[in-house]
**Student:** 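Sharing a structure, written as structure tokens. Questions coming.
Whatever order the structure lists them in is the order used to number ligands and atoms, beginning at 1.
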Amino acid sequence: MRLRSTICALATPPGEGGIAVVRLSGPDAYAIGAKVFVPIHKGKSVLNARGYTALFGHYLLDGQEMDETVALFYRAPHSYTGEDVIELSVHGGSAMADGLQQALIAAGAVPAAPGEFTRRALENGRMSLTQAEAVMEIISAGSRQGAALAKRALDGRLAREAEGIRKTLQSLAAHLTAWIDYPEEDVPELAPAELKETLQQQKTLLDGWVDSYNAGAVLRHGVDCVLLGRPNVGKSTLLNLLAGFDRAIVTPVAGTTRDVVEQAVQLGEIRLNLFDTAGVRGEEEADAIEAEGIRRSWKKLEEAGLVLAVFDAGAPVTDADIEIARRCEGRPALAIFNKQDLAADGSQFDESLLTPYFRNVIRLCARDADSLAPLTRAVAALLGTAKLDPNAAGLINQRQLAAATAARDAVGEAIAAVDAGFGLDAAGVCIEDALRALADLTGEDATEAVIDEVFSTFCVGK
Ligand code: GDP
């Protein structure tokens, strides 16, 4: 770690753009800044610049006057990293920003490692590990809703709620320890019912986090979605409905959509990463290309976060339909009984052969634009995004999910121990486990290795 060095990096994306911002942070930020940046007003100086002020001027490289530059000043500890920080804005494109970084390095700065600014913020107590992770999520969020969710984590709500749970468990643990270890002290015994109720309240909070994780992830990053169904049931028509224009070729002849096409469409708040699959027909009918398409479809079905299984409600259910339905069992799959206009004519379509395999079912006409709204609602309901509380604390990555799950399970075991009448020391052991998992979650006792892992996916300049 180079905590005492002064680091610099491009904070804006590389490439052409209006402005480029280079950030400088560390104990020598002002000394280095003063060598590189020259204010236009002779009376002004970098060394005397106060925090939260700006100066206009230019920067120097090898003594040459380079681009016009705006310098923004922050004084420790009132900055992102908690150190002295100067942000220098020059014209966009890489030429001027590269020159500026070169000048800063020549003046004594060192190039920042990925995520090093945020890491310093963490190490200087400016943010918690969960907040640092939120920064990364905001940068990578694919949608405004996703960014808003990550922003909540940045507000520190998760860390605060975790702290609340930790305090409650800690006082339970202290009480149990006192009662077990100092019998002569006359510590009042915790009534099992009271203990259990307090544990149950903590478990409910933890359950809420774990259960809403997937829905939150869907909002932040979208969901991989596979569209399945026999030829001619209306998959291409449905895709056009989703995409809002005639993208796939819709034809009454079976099996034109032979390849797996990927496309992202926005369905309400959710981005669907679509895999348009080749028609799934009975194996005996399939030619070689389609067999490959089918194989890929089954694989996608297993990996997808959302399966839209389309059936033709205007025709009898076939063996291929049942095979598709069977494979959807236990998956996040929505059965779409399409062509309801034809179903009305007393078709032979027997829904009951398919519905047992699905969590949710929707009846619609893919040709009808009005079907989009109910389909949007059905998908939101299936993925749990509809009931996601926008103000609740949420977990934002697998590391947090694993720690929260471990804490939740340990509290569950503590409750089971109380229920089974194993004695309070057994519950105490489980509560200690839960406390350790919570410390993992908030990064309180995070080891260097864990922090390295968190920052390994950060971009340089953040
Ligand atoms: P795919 O092979 O599954 O992609 O099916 P297509 O989307 O190509 O649709 C097959 C045929 O069914 C086309 O002629 C569509 O216009 C028609 N179709 C799709 N949806 C509906 C619907 O809701 N009602 C009716 N009557 N026909 C539909």
**Student:** Short N/O distance, under 3.5 Å, between Leu238 and ligand 1?
**Tutor:**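 No; every N/O pair is 3.5 Å or more apart.
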
**Student:** List every atom of ligand 1 that sits less than 4.0 Å from any heavy atom of Pro231, numbering the atoms from 1 in the order shown and giving each element.
**Tutor:**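 Answer for ligand 1: 2 (O).
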
**Student:** Which residue from Leu364, Asn338, Asp312 reaches closest to atom 23 (O) of ligand 1 through any of its heavy atoms?
**Tutor:** Asn338

**Student:** Can you confirm whether Ile105 sits close enough to Val110 that some side-chain heavy atom of one is under 4.5 Å from a side-chain heavy atom of the other?
**Tutor:** no

**Student:** I need the contact type for Asp341 against ligand 1. Using non-hydrogen atoms and a strict under-4.0 Å cut-off, is it side chain, backbone, both or neither?
**Tutor:** side chain

**Student:** Which ligand 1 atoms does Thr237 reach within 4.0 Å, using its non-hydrogen atoms?
**Tutor:**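 Once the distances to Thr237 are compared, the set is 6 (P), 7 (O), 9 (O), 15 (C), 19 (C), 20 (N).
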
**Student:** Could you check whether any heavy atom of Gly229 sits closer than 4.0 Å to an atom of ligand 1, since that is the contact criterion I want to use?
**Tutor:**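 False for this residue.
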
**Student:** Identify which of Arg230, Lys339, Gln340 has a heavy atom lying nearest to atom 22 (C) of ligand 1.
**Tutor:** Lys339

**Student:** Any idea which heavy atoms bring Phe349 and Ala315 closest together, and the distance?
**Tutor:** CD1-O, 3.2 Å

**Student:** Provide the number and element of each atom of ligand 1 under 4.0 Å from a heavy atom of Lys235.
**Tutor:**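 Here the atoms of ligand 1 in question are 1 (P), 2 (O), 3 (O), 4 (O), 5 (O), 7 (O).
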
**Student:** Does the distance from a Lys or Arg side-chain N to an Asp or Glu carboxylate O, for Asp312 and Arg230, drop under 4.0 Å?
**Tutor:**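 Answer for the salt bridge query: no.
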
**Student:** Where's the contact between Ser236 and ligand 1, heavy-atom distance under 4.0 Å: side chain, backbone, both or neither?
**Tutor:**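 Ser236 to ligand 1: contacts from backbone and side chain alike.
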
**Student:** Taking NZ, NE, NH1 and NH2 as the nitrogens, is one of them in Glu163 or Arg166 under 4.0 Å from a carboxylate oxygen of the other?
**Tutor:**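 Looking at Arg166 together with Glu163, the answer is yes, because their closest N to O distance falls below 4.0 Å.
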
**Student:** So which bit of Leu342 gets within less than 4.0 Å of ligand 1, heavy atoms only: side chain, backbone, both or neither?
**Tutor:** side chain

**Student:** Quick one: do Arg119 and Glu123 make a salt bridge, cutoff under 4.0 Å?
**Tutor:** yes

**Student:** What residues, two or more places apart in sequence or in another chain, satisfy salt bridge (Lys or Arg N to Asp or Glu O under 4.0 Å) together with Glu323?
**Tutor:**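 Once residues adjacent in sequence are excluded, the partners of Glu323 under the salt bridge (Lys or Arg N to Asp or Glu O under 4.0 Å) criterion are Arg326, Arg327.
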
**Student:** I need the full list of salt bridge (Lys or Arg N to Asp or Glu O under 4.0 Å) pairs touching residues 206-219, with sequence neighbours left out, sorted by first then second residue.
**Tutor:**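 Qualifying pairs, neighbours excluded: Lys203-Asp207, Asp207-Arg408.
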
